Amino acid sequence: MHPLLRWISASGANEALGGMKTKSKVVATAAPSAPAAGLKRINLAGIATKSATTKAAKAYPLLPDADGQVAALVEGILEKSEQLEAIEGALEIEKAELIAIAKPFYFAHHAGQMAVASSIEAQSGSKTIRVGFSNSYRGTSDDSAIVRAVGEEGARFFKQSFELKIKGDLIPEAAVEELIGELQELFARHHAGAALSAKAVFKPNKDFHAARHTLFTPDQNLEIDKIVPVAASVKTKLGRGTEE
Amino acid sequence: MSSHPTSSPDSQTRQIRPINAPIEAAIPNPPTYPARPIGGGRLELAPKKPGLWHAEPKYNGWRALVHCPTGTMWNRHGGRLTIAHEFKNALDRLRALSNQGLEWADCEALERRHAIGRGTLVVLDWIIELPTYLERRELLSSLIETERLSLGEWSTFPSNALVLTPSLRDEGDAVQALYNSLKERNRTMRCDFFEGVVMKRASAPYPIQLRSAAEESRCLVKHRFLR
């Protein structure tokens with residue numbers, strides 16, 4: 001038995017957490033494989049019992065720093081982050097500048113041709129940079145702008161592209177398998193089976209993040225982290241929220 | 001100015017019509033998300049930029065796009081701003097300016113985060129397709145008074161007003177001096193009212209795009225203070 005499942009089973013966490021649940025998104029095809037013991041695919045048996053909402057503490061624990069190693073890392077990360085941000089910003093601007101110069105040349109140079117180079121070279125002495133123009137386009141939702149720009153060719157070369165997302169964990173458990181089956185039948189009936197694909201992963205449910213600290217020992221949590229690592233990031237900007 | 005796709009239902013456009021539906025028939029959807037600058041780090045660490053750039057103060061407020069004829073406000077994610085009623089005076093002024101060619105204004109809405117300039121809209125830009133930054137500034141400065149707190153010429157910031165952000169040409173150490181003085185002004189006001197400066201390329205049109213609210217434009221660079 002997988003150590004994670006053993007812990008959940010032994011500690012009674014399966015009931016406390018309602019087991020692990022799968023998060024499914026209809027995006028990419030995944031070959032079915034046998035589910036691990038105790039875990040179910042699609043059928044979300046034993047969904048988490050509702051527990052009181054826990055919020056992250058406002059005061060953050062301080063990482064101990066006995067030998068100054070942490071302080072040195074903090075200094076280094078902050079200093080390099082600032083330098084990197086300044087350099088990345090400047091590099092972005094200079095690349096955009098070069099692209100702006102290269103783009104009119106790219107279109108003028110290839111006017112009337114069908115064999116088109118994928119890049120334009122720019123040189124400084126023996127040093128060379130390539131400005132690539134790949135067959136990849138960002139979309140626009142402004143269809144009228146396309147029609148204005150390309151006229152009748154609009155309908156020939158442009159079509160609406162879209163993805164429909166299904167939040168698998170919001171579908172009532174009892175309906176999941178039948179619904180997925182019907183969805184596949186529906187797409188097959190319209191000869192659109194290839195348009196439907198899916199990928200699924202097993203993720204802890206929303207209660208796990210707080211509950212793990214009472215259910216498992218630090219060592220167990222480190223072991224669990226090898227299987228489903230917690231998202232960790234280093235924040236150098238401790239300002240307000242995202243709204244600007 | 002391009003009209004929003006959902007407001008032009010002719011036969012050609014219907015073939016490639018987007019999924020999005022209009023919010024209300026009488027009020028057009030914004031033609032763009034607000035222009036977002038790329039991060040340039042602290043100004044003193046930033047290498048010199050190629051070409052001609054202008055600097056504006058970066059204010060601590062809510063970004064808002066305003067449809068001037070109707071006084072309707074949107075946030076930077078394209079949603080309707082729920083605090084629009086708190087800017088009535090400023091919106092009335094923008095409404096009055098709409099018959100002089102100002103249809104869409106890119107603004108910073110000052111409210112709630114601090115006590116300075118409450119109910120004021122700082123106009124950052126004129127959203128229009130072709131004119132360069134300098135051409136847009138020319139129109140805006142002929143219509144709207146420039147705020148002068150950031151230039152050290154006002155001692156207070158007006159509330160419930162409509163003002164234009166100042167614009168400083170990037171030459172010599174003028175922008176660094178502005179950057180330093182904004183930091184100092186924050187200290188004297190005991191408030192993070194200014195967040196740094198935003199640099200705008202003088203020759204660039206407003207970067208109109210409806211692809212993503214998160215998309216950053218290379219013709220704008222923000223240099224924030226270290227927090």
Side-chain angles (χ1 to χ4, degrees), chain A residues 74-75 77-103 122 136-165 235-244, chain B residues 2-10 12-20 31-32 34 36-51 53 58 60-63 75-77 108 113 192 195 199 201 204 208-212 215-219 221-227:
Chain A
V74 168
E75 287 292 335
I77 288 169
L78 284 176
E79 190 187 335
K80 290 175 184 69
S81 297
E82 287 174 22
Q83 291 169 349
L84 188 65
E85 191 179 9
I87 292 295
E88 277 180 343
L91 185 61
E92 283 288 306
I93 294 167
E94 291 188 358
K95 283 182 177 176
E97 183 89 354
L98 186 61
I99 289 170
I101 296 169
K103 212 172 251 185
S136 169
Y137 294 83
R138 290 185 300 189
T140 176
S141 56
D142 191 352
D143 55 344
S144 57
I146 294 173
V147 172
R148 274 200 311 277
V150 301
E152 291 300 312
E153 301 289 11
R156 188 176 157 208
F157 285 108
F158 291 82
K159 66 184 269 191
Q160 191 174 23
S161 170
F162 63 91
E163 281 183 12
L164 299 176
K165 252 187 188 174
K235 296 173 187 169
T236 56
K237 290 175 185 163
L238 311 181
R240 56 177 165 74
T242 55
E243 194 66 30
E244 278 175 28
Chain B
S2 66
S3 60
H4 191 273
T6 51
S7 63
S8 53
D10 59 67
Q12 280 185 308
T13 59
R14 235 178 254 132
Q15 297 166 28
I16 48 176
R17 191 176 181 80
I19 294 170
N20 309 22
T32 181
R36 288 196 66 168
I38 61 170
R42 268 165 46 208
L43 187 65
E44 54 267 41
L45 295 175
K48 173 94 181 126
K49 297 170 183 60
W53 295 73
K58 188 174 188 313
N60 182 357
W62 269 269
R63 193 67 175 275
N75 65 23
R76 78 178 202 192
H77 304 289
E108 194 76 2
R113 286 217 170 112
D192 288 337
E195 297 183 325
M199 307 289 293
R201 180 183 278 284
I208 289 175
Q209 61 88 16
L210 284 165
R211 286 178 291 274
S212 163
E215 187 166 304
E216 295 173 343
S217 170
R218 271 78 187 148
C219 59
V221 187
K222 63 182 171 189
H223 297 285
R224 298 184 70 143
F225 303 140
L226 182 65
R227 296 177 70 88

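Here the structure is a predicted model, which is why all the values come from computation and not from measurement.
- Distance check, rounded to the nearest 0.5 Å: CG of Leu84(A) to CG of Leu45(B) gives 11.5 Å.
- Atom CZ of Arg42(B) and atom CD of Glu85(A) lie 10.5 Å apart (nearest 0.5 Å).
- Atoms OG and CD, on Ser217(B) and Glu92(A) in that order, are 11.0 Å from each other to the nearest 0.5 Å.
- Closest approach of Arg218(B) and Ile93(A) over heavy atoms only: O-CG1, 4.3 Å.
- Put simply, of Lys48(B), Arg201(B), Glu216(B), the one with the most heavy-atom pairs under 4.5 Å next to chain A is Arg201(B).
- Note that the CD atom of Glu44(B) and the CD atom of Glu82(A) stand 8.0 Å from one another [nearest 0.5 Å].
- For Gln83(A), the CD atom counts as densely surrounded, since its 6.0 Å shell holds more than 12 non-hydrogen atoms of other residues, nucleotides or ligands.
- Between chain B and the options Ser81(A), Ala86(A), Gly89(A), heavy-atom pairs under 4.5 Å are most frequent for Ala86(A).
- For the set Pro47(B), Ala46(B), Pro34(B), the entry with the most heavy-atom pairs within less than 4.5 Å of chain A is Pro47(B).
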